[in-house]
Every structure is written in structure tokens, then in C-alpha cells.
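Heads up: the structure comes next, in C-alpha cells.
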Amino acid sequence: MRVLFVNPAMERYTRQIAMPLGLLSIASYLQANGHTVKILDHTLRATNFKKELEAFQPDIVGVSLLSIKSFSDASKISMQAKKFGVPVIWGGIFASLDPAFIFSNIDIDFVSISEGEATWLDVMNTLAVGGDLKKIPGLCYAENGKVIYTEQRPFIDLSILPPMDFTLVDVEKYLGGMYGCKKTAALYMAKGCVGNCAFCYNKTFHRQCYRMRPVETFLQEVKYLIEHHGVDCIYFADELWCRSREEMLYQCEAFKNSGLDFKWGVQTRIGIFEKEDFKIMKDAGCLWVDFGVESGSPTTLKRIRKGIPYDKIQQTFLDCSEAGIISLANFIIGFPDETEEQLRETVRMARTIAATQKTFFFFMPGPGASLFDELVSSGKYDPPKTFREYTKIKFFYSPKPNFSKIPTKDLKAVRARFLWEGFSRKYFNEGTRSYDLAKKDIADVLKQFRGHGLRFAWQLFWISAYEFTDIFFYAHFFPKVMKKYGIFE
Ligand code: SF4
């Protein structure tokens, strides 16, 4: 059977484009099981989808909806596929977490819930014998205005998945420079996370379950990328890289013994590794570690169920620094009922930790997260019902609606100040200069101009200019806010 997968274009997307690892993993698995697959990535360039359908003659079309920002293109593609007479299945994080929204906004056949590999193989094999797709576990569909879920599918054993077939995508287009490396590729080693953060979809999407792939499969992929594309660095796109010291030791040992020369960076949780561990990681090629600190307030951390040891936050960044590892600290501000005093604690934390880079985000209620459910059930949040309503939300620029007890102007100024400082400082500690990060961001935007035409480039230019002006304005023209939260202390 033949399946055409599409990664739809994202609206107003200005950052480095990421390899569609989810689609690639499913496609590689289907191909290894005898099906014919093709991936179109509209985030790289738009295609004439009608012509693609005519040329490839798929039996089914799969669309990955990671974010609501892809809805417009995903809808267009799906309508064309339906006209062509083939069924359409959507998957990906957003589709999976809110199928009711999808079915009330577009007429497609199914949404694949959570992990897609085994479900898709079942779909293809069932199609091949003319079976009933409505009996396949892991799907949902709309019937008489209701969303019907089929049986929940157990997670797949990741060791049965083959190495990803990178010939299915244009690898070179996804390779960006990071922290001095020239060609960084994103790969995944594990799925899920053991955390239970109240603002995160992990508990719903991954059922708080953590699974690792065999390190040998991962290393086969790295070897291919090094030999065929000159990749010199791997960014682990996992929600969580290693749950324990033992897993870390096992992986570092395997990396070192592989004979492959590559650097790497990960996302992990504070409290898993100690000083000696970071040294071992550095020795095995680790370049950077990304931590979600989220808040400097113990009260907020408890409320959001972050589950990290507060007393280890400062030490962890010092340990990274001593080990020579770049450390990134991510904070979220504007949590429901967060107070000015709690924001002051977060600013104090951000000011004092030894992190190389500190990034601030606004709290955004998203489907699948328990804070989202809380806000909706208490009547404090009425989530968008239509795609048009969704497009009006600009959480990246402004915390609207603002669920905290902090004025919106204060949240914007605090975030802008930290972003500006990160933007104008050195990219990382050694061998770089001020504004290197700014130059990298501008280069990322310019990359997106190619392949999307003048209209897209023009739109992107204005969005980037707006974002820059907004950050500059809030970072520089609110001295009283800076004083109030101790930013200049
Ligand atoms: S640690 Fe990260 S991935 Fe895990 S639940 Fe918390 S926010 Fe989600």
C-alpha cells in the first residue's frame, strides 16, 4: 500500500526548521514492513499537492499536526486529498490531544492518538485487505457529531523499530549550527517523561511512561548522518534524556566506545545528575544541557508539580559550569494566580544561577495539561472553538489571557529584559562574541525565506521586525518594573 505523509507548513514560523522525526519514524517502520511511503515537508517548501497526489497515487494520506499553527495548510492538504478520493488521518501532538476540536473544524476520517508507528502499520495492513479501519486500536473518528475512540493502543516496544531512513527527507535542510558545531541534527533516544508537570501535555500524550530505544539503533543513525552529511553534533529531541545516573553512564560509555566523533546536547531534569556526572557527560561529548527550572518560587514549583529539588537548582548550574558544559535555564512566568512576590523570586533565581543562557516564556494553557483542565473546569478559560479564534492568540508575544495576579505589562517587561540580555550577549562562553546569538536568529529567519516565496518572506520579515521591536521596547522603557522586580540589583 502507498501512503503520502505531509508535514504541513507552519504559519509565522521564524525559527530553525526541525526534521519531522515522528513522521520519519512511522514512515521508516512502514517501509521496513513492505509499504511504499513518501514524506512531503511543507515547512521547507510548499508543493503543488494536487500534482503530488496524481504522481504518487497514494491509498491514504497522513498529516502531522504538531501545533495549531499548521492547521491552515493541513486543512488545505486534507481537502485536496479527500477530493482525490483517499482517506485522511491526522496525527501529531495537537491533533492527538484535541480531536474534538479537529473534527468540529474539518471533515477528515481519523485522528491517530499518541504514538503512531503500530497504529499506522495496522491501518496499512487493514487497508490492504479492505478491512474496517474503525476497529483499529489507537484511532478516533467522528460519528453523528460525537467523537468515538477505538481501544487504547499499548505503546510499542521501541527495540522493534528500524533505524530511520534518512533518504526519505532532505536531511541537509534541517542541519543547523549550534554552539560552535556546524551541522547539528535532531534525533531521539527516548519517548516520554517521568515528570508530571501541571502545564505539560506529557501525562496525557505519553501517559507518563518513559521508554528508551536501543543505543545501537541510535548510533547506526548517527553513523549514517556523519558519513553521508558530515553531521558533527546531535541534539536529543527527547522530552527527557535519561531518568537515572545508570542510564546516563550506559549511554556515555556507548557513545565513547562507538568510535564516532560527535558532540551532543540534551534536555533533562534538575536532580538527576551530580557534579561528577556532568564531567562524565562532558568527556563523552556533551556540549550543552537544557533544564526546565520554570520558577524560582518554591510555592509556584509545588503548584505546577515540577518535582525538582529546589535546593539543587543553584548547584546544578554551578556543576555544569565547572564541567565546562553550556547550561540553559528555561523559566515560565504568568502561571495561574502567580503573585508579584513569586515573580520576584523567579527573577532573583534567574539573576543568581550560573546558567549560560536564561530564557523566559509566558504560561500558555494547552490541551492535555492538567492546568488547562483546571482553568477550563473552573470557568477561568474558554479555549478557542475555531481555528480563527486560535489564530488570534499570541502567547509568544503576550500573556493573554493573563491568569496571574501580575500586571501584563510587568510580565512582558521582565521576559523582554532577559530575552534582550540573552540576545545581545555572547552566544556561549568560549570563542564567541556579543550579538552572536542575534546573528544566529537572523540567519534562521533568512533561511525560512528560501523556498516559500516572496509573500511568505515579506510576512516573516514583518513578524520578526514586530517581535524585535516589542522586545526592545519592553526591555528598555519600563525602568520602574525593572526596579520593582529587582532586575537591576
Ligand atoms: S519535565 Fe518537561 S517533559 Fe517532563 S513533564 Fe515536566 S515539562 Fe513535561
Side-chain angles (χ1 to χ4, degrees), residues 18 21-22 66-67 92-94 96-98 113-115 155 158 186-213 235-245 247-248 251 265-273 277-278 281 288-313 316-317 320 327-336 338 342 346 349-350 353 355 357-375 395-396 399 403 415:
L21 292 176
L66 294 180
S67 146
I93 296 166
F94 189 86
S96 183
L97 292 173
D98 201 354
I113 303 296
S114 190
E115 182 176 77
F155 287 128
L158 295 182
L187 287 183
Y188 80 99
M189 171 64 90
K191 290 189 185 190
C193 177
V194 291
N196 183 21
C197 304
F199 58 90
C200 176
Y201 63 86
N202 164 62
K203 196 177 173 185
T204 311
F205 192 82
H206 291 292
R207 299 174 227 153
Q208 221 180 337
C209 175
Y210 184 82
R211 293 159 301 145
M212 292 183 99
R213 304 166 73 200
Y235 167 58
F236 287 83
D238 315 0
E239 278 94 357
L240 172 67
W241 181 79
C242 292
R243 283 167 296 189
S244 64
R245 181 166 200 267
E247 284 177 354
M248 177 277 289
Q251 290 201 18
V266 298
Q267 303 185 71
T268 190
R269 282 166 67 85
I270 284 168
I272 298 179
F273 306 123
D277 303 331
F278 290 116
M281 286 161 66
W288 77 92
V289 181
D290 200 331
F291 297 99
V293 181
E294 325 306 3
S295 175
S297 155
T299 314
T300 306
L301 287 174
K302 198 170 167 202
R303 161 119 171 81
I304 62 170
R305 298 201 296 271
K306 186 65 201 171
I308 54 174
Y310 188 81
D311 56 342
K312 285 206 171 161
I313 298 175
T316 297
F317 288 100
C320 282
S327 59
L328 294 90
N330 297 308
F331 294 92
I332 300 176
I333 54 176
F335 281 115
E338 189 176 359
Q342 286 161 358
T346 297
M349 170 74 78
I353 53 174
Q357 203 174 308
K358 300 145 191 181
T359 309
F360 276 60
F361 300 91
F362 296 128
F363 166 72
M364 172 177 166
S370 51
L371 273 181
F372 173 90
D373 297 337
E374 250 179 58
L375 288 167
F395 280 109
F396 286 110
F403 301 101
R415 171 182 171 266

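Computed from heavy atoms alone, side chains included, the values below leave out hydrogens, waters and symmetry copies. Residue numbers count from 1 along this sequence. Whatever order the structure lists them in is the order used to number ligands and atoms, beginning at 1. Computed from a predicted structure; not experimentally measured.
- Checking F360, F291, F361 one by one against F331, the ring pair (Phe, Tyr, Trp, His ring centres under 6.0 Å) holds for a single residue, F360.
- Distances from atom 1 (S) of ligand 1 to the heavy atoms of Q267, R269, E294 show the closest one on R269.
- With no hydrogens or angles considered, a side-chain donor-acceptor pair links Q251 and W241 at under 3.5 Å.
- When the salt bridge (charged side-chain N to carboxylate O under 4.0 Å, His left out) test is applied to D277, the partners found at least two apart in sequence or on another chain are R245.
- Take E115 and apply the side-chain hydrogen bond (donor to acceptor under 3.5 Å, both in side chains) test, not counting sequence neighbours, and it matches K191, R211.
- Screening the protein for N, O or S atoms under 2.8 Å from atom 8 (Fe) of ligand 1 yields 1; no waters enter the count.
- Counting heavy atoms from C-beta on, the side chains of L187 and Y235 never come closer than 4.5 Å.
- The option with the heavy atom closest to atom 2 (Fe) of ligand 1, from among Q208, R305, K306, is K306.
- Taking D98 as the reference, nothing meets the side-chain hydrogen bond (donor to acceptor under 3.5 Å, both in side chains) condition, with sequence neighbours excluded.
- Both tests hold for R213 against Y188: distance to the six-membered ring centre under 6.0 Å, angle to the ring axis within 45°.
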